[in-house]
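Written out below as C-alpha cells is the structure these notes cover.
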Amino acid sequence: MTLEFKQHTLANGLQIVAELNPSGYTAAFGFFVRSGARDEGPEERGLSHFLEHMVFKGTARRTAADVNRELDELGGQANAYTSEEQTVYYTTVLPKYQDRAIDLLCDIMRPALRDDDFQTERQVILEEIAKYDDQPPFGAFETSMELYFAGHPLGSRVLGTPESIGEMTSTAMRKYFERRYDPKNMVLSAAGCVDFDALVSQVESLASQWPTAAMPAMVPAPTSGGQAKIELEVPDSSQTYVIRVGAAPPNSSTDRFAMRMLVSMMGEEGGSRLFWDLIDTGRADVATMWTQEFQDAGLLFTYLSCAPEDVDANLALIDGAIEVFVKNGPAEDEIEQAKNRMCAGLILSSERPSNRMFSIGNAWQIRGVYETLDDQLKKYRSVDADDLQRVLAAYPMHYTTEVRTVSKASAE
Amino acid sequence: MPYETTLHHTFDNGLVLLGEKMPWLRSAAFAFMLPAGCRFESPDRLGLAGFVNEMIQRGAGNYSSRDLVAVQDNLGLDRSSSISTAHGSFGGSMPAESLLPALSLYADIVLRPHLPGDQIDDARQMCLQELAAAEDDLPQTLMNRLKQMHFGEVLGRNSLGDEAGLMAIDADDLRGFYQQHYQPRGAMLSVAGNFEWDEVRAHVESLFGNWKPTDPMPELAIDGRSGYEPIEHPSQQTHLGIAFPAVSYGDPDYYPMRASVGVLSDGMSSRLFTRVREERGLCYTISAGCHSTREGGGVFCYAGTTAERAQETLDVTLQELQAIADGVEEGELERLKVRIQSSLIMEQESSASRASAIVSDWYLLGRVQSRDELQQKIDALTTADLVDYWKRNPPRDLRIVTVGPEPLQVP
C-alpha cells in the first residue's frame, strides 16, 4: 500500500509533514523541537529537559491541571522526551479527536512558565535525577559522554545536575524558550488517519503568530573523542558496569546503515558474536553494542555488565572478538541474517502510526527528506559485503573513553 | 464497529488453540503458555522453571542452539520468553508469511529439546548472572518482595530463583521438570494477525496432535500476610511499595475495582500523579496497578522519592488510597472510559498485544471476553459502583516494603 505524503510550511517557518493512511485506526502527532543539551550554555545545563516538564504546566488559556485533564480526555498516549539534540512532544489519538489534540499540542508549545509551577517542578526533576542515579549503570553513561565530548555541550547531561537544577531560574528558562522554540526550529509530524487540510488550516490559525528570532549557530561537534579511562564509585552494587565509547558515522552519513548492521552482528542482544561468547556462556548478564547518531557526530557504545571478578577476562574476550571481526569481516550468512532481522523489525514497528510519525518527523527535521518504509528497507537491503568492509575499515570499533563502576561496599 | 470474535479449538490432548484474525495487518503473532511456571519448583530447586526454559532453547529437533537463532532471525521473528508462577511462555511477532514455519520451530523447542548436558553449566551461569543483575534493580527488588508477602511463599515466588537452588539443579532435575510440566493439558497457544484459521489449525494439529498429556497439578491458594519490611540500602531514593488484597479477574466486582485503581493511577490527571507528583513535587515515578491471578488479586503501588521526602510520600499515598471511598467525580470516570475505549481500538494495530490478551483471558476466565462485551461492562460503570466497591473492600491488611537508607513510620 502506498501512503500519501504531504507537507506544508507556515510563513513563520513552522513545518508540517504527514504520512496519510486513511484506513488507520489512530492518528499520531508530534512536535519536534531543536532544543537539547547541545543547545545549552554553561549556566543552562538541564534546561531543555526542565522546559519539557514545564510545557505541561499550563498556558495562557489552560492551567497545568487543565492540560493533564484534557490529555486524558482525548484518551491518547501523550508524552515527551528530551535528548542531546531535540525535544519531542507527542500523542496518539482516535481520528475523531484530531482537532482537540492539535489545539492542545499547539497551545502547550506556548507555555506560561509560571514561577510557582517552576518551583514545584524543580523538585520533580531532582527526584528524576536521583532515580537515575540509583539504577544501573549508576550514571556511567552520562559520565562517558561527558568525557568523550570533553567540554562540548553534546556531552553534557540531559537532566542536568542537582547543582545546575538547584540554581536554575524561570527567567533563564524564558530566555532559553524564546531562543529555541522558534517556529523555524520546529516540525509538526503526523501519521495515520489524519485529515491534512484540516490540520494545516488549524495550525495556521493557532501558530502563525508565533514570533521568530535570530537563530544562534550550532557549535560543531569535536572531530575526535576524548581519551579517558576512569573508575566511577557507586553505591553498594552486585555487578560491575563498563561503558566504552568510540566513533561511528553521524546521522548525515549514509554509512550509518552499514555501521548499524555491523554493530548488530557484533553486539545485538539476541544472537550476535558477543551474545554467543559472553551471554550464552553465562560470563556476563549484558554484553552489547549500539550506535547513537547525532547530526555531525556518531558514537559507538559497548556495554558490559558482569561480576566484578570477571570484568578483565570479559573485556579481553570482547577485544578479541572485535579484532577477529575487523580483520576477517562478517560472513555471508551472518550478513543475510542481520538484514532479515533488521528489516522485519522495521516492518513490524511501522504497523503503528505512532512509529511512522517518529520516523518521518526525525528524517524531516534532521535531513529534510521524506522516506517511505520501502525506502528505509532498501537502505539496508542494498548494503553489500564491500560496503561493510569499507565502513569497518573507517570505523574499526575502537574506543577512546571507558568508564567502569566500582562498588563502594566491595571496595571496603 | 463490532470486533472479530475469537476462534477456538481444543485438541483431544487438551491443548487449546485460539485465533483472532486481523487481516488489515502485514504481521502475525503468537503467544504460547505452558503449565510450567515456578510454582511447581520444589523449595530446594528455586529457579528450575527458568533454567528449563533456557535449556530447551539450547538446541531442538534438527537444530543446534545457533541454528535456532539463525532460523528465527531469518523468519524475522521478534521473540520473547518468560516465566510466571503458573506458566513458562513463549511469544513472537513476525511478517505474516513466517507464522507457520515459526510454529514448527517452537514445536521442536517444546517437544524435541536436546537438553544438552554440556550446556548445563553455561545455562546455570546465565541464570546466576540474571539473578545478580536483578539485585542492582531496586524497584524490582522491592516489588519482588512485596509480591511474595502478598501472594505467599509459593504463588509469590520470584521466577529467577535463588543461588542455592540454581547451584543444586542437575540434569535429572531438568529432565524431570521438563517431562512433567511441558505438556498439553493446561497449555494454550494463541495466534493473532493476518492468517488463515483452517490452515493454522491443521498445522498445529500436525505439530502437536500426538503430544501426550500427563496429570495436571493441584491448585494452590494465596497465602499472603500483612506487615512492614524495611530493606536498608545506601540509595539516593527511598523506594516504597504498598499492596493490599483485591478481587480476581473473573469476579463480578473486577471492573469497579479496576476502574477505581484507574482513577488512582491511569493517566496524567489521575489522583496519585496529580496529588503526589504534580501538586507536591514529591516524586518522579508513582503508580498503582492491579495484578489478578486465577486465585485472587492485589493492588500494588510503587513510588520512588529521595529519603527526606519518603515519609510524606508514604503518608499522602496512603491517604489517597483510602479516599476513593469518599467519592469519585463523574469526570474522573468519564476520562477513564475514553482511555479504555482508545486502548481497545489501538490494540487493533498490534497482533502481539491481541495474541497475549486472548490467551491471558482464556487462562483467567476459561473463555475470551469479546471487546464488545468488555466495552459494555466499562460503559455500564457508575461512580457509585466504584465508591461502593471501595467501601466494601477498603485498602486493609497492607503489605508495605521500603528500600532505602532508613525505615519509615507505617500505620
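Computed over heavy atoms, backbone and side chain alike; hydrogens, waters and symmetry mates excluded. Each chain gets a letter, A, B and so on, in the order the sequences are listed, and its residues count up from 1.
Two residues are said to be in side-chain contact when any heavy atoms from C-beta on lie closer than 4.5 Å; B:Val338 and A:Glu73 fail this criterion. Side-chain contact between B:Thr306 and A:Leu126 is absent, with no heavy atoms from C-beta onward closer than 4.5 Å. Between B:Arg26 and A:Leu373 there is a side-chain heavy-atom pair separated by less than 4.5 Å. Proximity of B:Arg58 to A:Asp280: side-chain heavy atoms (C-beta onward) are separated by under 4.5 Å at one or more points. At a threshold of 4.5 Å between non-hydrogen side-chain atoms, the residues B:Arg280 and A:Gln123 do not count as touching.
Judged by distance alone, the side chain of A:Gln239 and the main-chain N or O of B:Ala132 form no donor-acceptor pair under 3.5 Å. Side chain of A:Asp285 to backbone of B:Ala133: no donor-acceptor contact under 3.5 angstrom is found. Between the A:Asn340 side chain and the B:Asp73 main chain, no donor and acceptor come within less than 3.5 Å of each other. Side-chain atoms of A:Glu121 never come within 3.5 Å of backbone atoms of B:Gly281 as a donor-acceptor pair (strictly under, hydrogens ignored). Of the possible donor and acceptor atoms, one in the side chain of B:Gln237 sits under 3.5 Å from a partner among the backbone N and O of A:Glu127. With A:Glu351 contributing its side chain and B:Ser27 its backbone, the two residues share a donor-acceptor pair below 3.5 Å.
Using modelled atom types and a 3.5 Å distance limit, the side chains of A:Asp134 and B:His239 yield a donor-acceptor pair.
The environment of A:Gln119 atom CD is dense: over 12 non-hydrogen atoms of other residues, nucleotides or ligands sit within 6.0 angstrom. Atom CZ of A:Phe141 is surrounded by more than 12 heavy atoms from other residues, nucleotides or ligands within 6.0 Å. Taking a 6.0 Å sphere around CD of A:Glu309, one finds it holds more than 12 heavy atoms contributed by other residues, nucleotides or ligands. Around atom CD of B:Glu97, more than 12 heavy atoms belonging to other residues, nucleotides or ligands sit under 6.0 Å away.
With a threshold of 4.5 angstrom between heavy atoms, A:Ser354 does not approach chain B through any atom at all. Neither the backbone nor the side chain of A:Arg122 has a heavy atom closer than 4.5 Å to any heavy atom of chain B. Of the atoms belonging to B:Thr285, it is side-chain heavy atoms, and not backbone ones, that fall under 4.5 Å from chain A. With a 4.5 Å cut-off on non-hydrogen atoms, B:Arg79 touches chain A through its side chain but not through its backbone. For B:Asp266, the part lying near chain A is the backbone, with the side chain staying farther off; criterion is any non-hydrogen pair under 4.5 Å. Contact of A:Val93 with chain B is made through the backbone alone, with heavy-atom distances under 4.5 Å. For chain A, no part of B:Thr274 is nearby; none of its heavy atoms comes within less than 4.5 Å. Contacts of A:Lys57 with chain B are made by side-chain atoms alone, with heavy-atom separations under 4.5 Å and no backbone atom involved. The part of B:Leu282 that comes within reach of chain A is its backbone (N, CA, C, O), which places non-hydrogen atoms under 4.5 angstrom from that chain. Using a 4.5 Å cut-off between heavy atoms, A:Ala64 makes no contact with chain B at all.
Residues of residues 342-349 of chain A lying under 4.5 angstrom from chain B, judged on non-hydrogen atoms, are A:Ala344, A:Ile347, A:Leu348 by number.
To the nearest 0.5 Å, atoms CZ (B:Arg335) and CG (A:Leu74) are separated by 11.5 Å. Rounding to the nearest 0.5 Å places CD of B:Glu278 at 5.0 Å from CG of A:Asn68. Here the straight-line distance linking atom CZ of A:Phe275 with atom CZ of B:Arg66 works out to 9.5 Å at 0.5 Å rounding. Here the CG atom belonging to A:Asp72 is positioned 9.5 Å from the CZ atom belonging to B:Phe273, to the nearest 0.5 angstrom. To the nearest 0.5 Å, atoms OG (A:Ser407) and CG (B:Asp136) are separated by 8.0 Å. Distance check: A:Trp276 CH2 to B:Asp122 CG gives 11.0 Å after rounding to the nearest 0.5 Å.
Residue A:Arg69 comes nearest to B:Ser269 through the heavy atom pair CA-CB, 3.6 Å, listed as atom of the first residue, atom of the second, then distance. Taking each heavy atom of A:Val124 and B:Cys283 in turn, the nearest pair found is CG1-O, 3.9 Å.
Residues forming a salt bridge (Lys or Arg N to Asp or Glu O under 4.0 Å) with A:Arg381 (at least two apart in sequence, or on another chain): A:Glu336. Not counting sequence neighbours, the partners of B:Arg271 by the salt bridge (Lys or Arg N to Asp or Glu O under 4.0 Å) test are B:Glu332. By the ring pair (Phe, Tyr, Trp, His ring centres under 6.0 Å) test, A:Phe138 is found to be paired with A:Tyr241, residues two or more places apart in sequence or in another chain being considered.
Of the listed residues B:Gly304, B:Ala70, B:Pro95, the one with more heavy-atom pairs under 4.5 angstrom with chain A than any other is B:Ala70. Put simply, of B:Ser350, B:Gly76, B:Ser342, the one with the most heavy-atom pairs under 4.5 Å next to chain A is B:Ser342. Among B:Ile340, B:Leu138, B:Thr305, the residue making the largest number of heavy-atom pairs under 4.5 Å with chain A is B:Thr305. Residue with the most contacts toward chain B among A:Arg352, A:Arg341, A:Arg283, A:Gln337: A:Gln337 (heavy-atom pairs, distance under 4.5 Å). Across A:Gly271, A:Ala284, A:Ser305, the residue that shares the most heavy-atom pairs under 4.5 angstrom with chain B is A:Ala284. Chain A forms more heavy-atom pairs under 4.5 Å with one residue of B:Met268, B:Met126, B:Gln125 than with any other, namely B:Met268. The candidate with the highest count of non-hydrogen atom pairs below 4.5 Å against chain A, out of B:Ser65, B:Ser270, B:Ser343, is B:Ser65. Per-residue heavy-atom pair counts under 4.5 Å with chain B were compared for A:His53, A:Glu70, A:Glu334, and the maximum is reached by A:His53. Per-residue counts of heavy-atom pairs under 4.5 Å with chain A were compared for B:Arg309, B:Gln72, B:His233, B:Glu279; the largest is that of B:Arg309.
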